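If you're wondering where the values come from, they're calculated on a predicted model, not measured in any experiment.
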Amino acid sequence: MDEPTKKVVGLDALNTFKSEIDKEIVAQISNVSPYDIGAITGIKIGTVTTGAAGSKASAEISIIGTVAMLNLTIPKGDKGETGVSGTNATVTATASQNANGLMSASDKTKLDGVATGANKYVHPTTSGNKHIPAGGASGQILRWSADGTAAWGADNNTTYSAMKAATASAAGAAGLVPAPAAGAQNKYLRGDGTWQTPPDTNTTYGNASTTAAGLVSAGTQTFAGNKTFNGSVICGGAGATGTAQARNIYAGTSDLTAGTSALSTGTIYIMYE
């Protein structure tokens, strides 16, 4: 590869006009040896460097093969005039979904309320997490449809008729009990489906006597006339043989030996053949 030939050219007339740079380049290329110029087939701009303010512009030509590489150094220009002031940010409109702008106070409050790592929440649709389905109509209820899923449907029949009263020839039927009227708190519901006063409200009974049935009073009882008892009559307590009282009487065919009987004292035993 051929070594590049470099020539630094001072351009006194160069300010900011490219046309003048071109003129200087053409004028200075004539100073390059004929060998180098004959080999040049094109020029490329290499680097453009900003020089210090007040310095001179310069160009460095590097010839590599048939291409001349032009590296420029342009001095920094004077500071320009102050431009027109921009719009103060404090009067910029609040951002919307269609236009950029300032963040509103409500949006900032909402943003501050978002927890770190929070993301968009999607409610689960698995069993036990489903919402009440849309739709439905008056009189309908939510009925089981599948595991964790309900659907609107007709209500079951929850209307019951009143109870059917019994008659002398026909049985009654189950149903709603008729409502008792005010003041019927002591009445009972009869089989004919009506609230009635009990026919006999006397639940107080006297003691039994020789002429009327009744309760047996406490203590010793005296029965007049003959009494027939079904089953065994057990007299309480044996008592001494010299005491006047009711006795338990037993009968049998075995001969009992005095002092060895299992009968209680005061019991009467009758042996028969």
Side-chain angles (χ1 to χ4, degrees), residues 86-209 212-218 221 228-234 236:
T87 303
N88 194 319
T90 58
V91 298
T92 302
T94 303
S96 67
Q97 293 184 352
N98 300 318
N100 296 329
L102 297 177
M103 178 183 291
S104 65
S106 59
D107 286 346
K108 183 62 169 65
T109 301
K110 181 178 180 180
L111 185 61
D112 290 343
V114 177
T116 302
N119 53 17
K120 183 179 180 181
Y121 174 76
V122 178
H123 189 78
T125 58
T126 55
S127 175
N129 295 304
K130 298 180 180 179
H131 292 292
I132 295 177
S138 177
Q140 289 187 326
I141 61 172
L142 283 175
R143 305 173 64 86
W144 183 92
S145 175
D147 180 26
T149 303
W152 292 104
D155 193 3
N156 290 330
N157 180 17
T158 55
T159 303
Y160 303 95
S161 58
M163 63 171 286
K164 181 181 178 182
T167 64
S169 59
L176 297 176
V177 174
Q185 67 273 14
N186 293 324
K187 294 184 178 182
Y188 73 98
L189 181 63
R190 202 165 61 181
D192 61 358
T194 61
W195 292 96
Q196 298 293 331
T197 301
D200 184 6
T201 58
N202 182 14
T203 56
T204 303
Y205 302 96
N207 293 333
S209 66
L215 300 174
V216 177
S217 60
Q221 304 298 320
T228 300
F229 299 95
N230 294 323
S232 301
V233 177
I234 306 299

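Contact between Ala95 and Gly101 at its shortest, heavy atoms only, is CB-N, 3.4 Å.
Using a 3.5 Å distance cut-off with no hydrogens or angles, the side chains of Thr109 and Asp112 do not pair a donor with an acceptor. Residues Asp192 and Thr194 bring a donor and an acceptor atom of their side chains to less than 3.5 Å of each other. Looking only at atom types and distance, the side chain of Thr125 has no donor-acceptor partner in the side chain of Lys130 under 3.5 Å away.
Taking 4.5 Å as the limit, some side-chain heavy atom of Leu142 sits within range of a side-chain heavy atom of Trp152. Contact of the Thr149 side chain with the Pro133 side chain is not registered, since no non-hydrogen atoms from C-beta on lie closer than 4.5 Å.
Although no hydrogens or angles enter the test, the distance criterion places no donor-acceptor pair under 3.5 Å between the side chain of Arg143 and the main chain of Ala150. Listed for the Trp195 side chain is a donor-acceptor partner under 3.5 Å among the backbone atoms of Pro178.
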Task: Worked verdict on Met103 versus Thr94 for side-chain contact (heavy atoms from CB on, under 4.5 Å) - done: CA-CA 6 Å; Met103 178 183 291; Thr94 303; over 6 Å; no
Task: Stepwise side-chain contact (heavy atoms from CB on, under 4.5 Å) check, Lys187 with Gln196 - done: CA-CA 5 Å; Lys187 294 184 178 182; Gln196 298 293 331; 5.8 Å; no
Task: Full working for side-chain contact (heavy atoms from CB on, under 4.5 Å) between Asn186 and Thr197 - done: CA-CA 7 Å; Asn186 293 324; Thr197 301; over 6 Å; no
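Remark: Asn100 CG is loosely packed, at most 12 non-hydrogen atoms of other residues, nucleotides or ligands lying under 6.0 Å away. Other residues, nucleotides and ligands contribute over 12 non-hydrogen atoms within 6.0 Å of the CG atom of Leu176.
With rounding to the nearest 0.5 Å, the separation of CG in Asp155 from OG in Ser138 is 11.0 Å.
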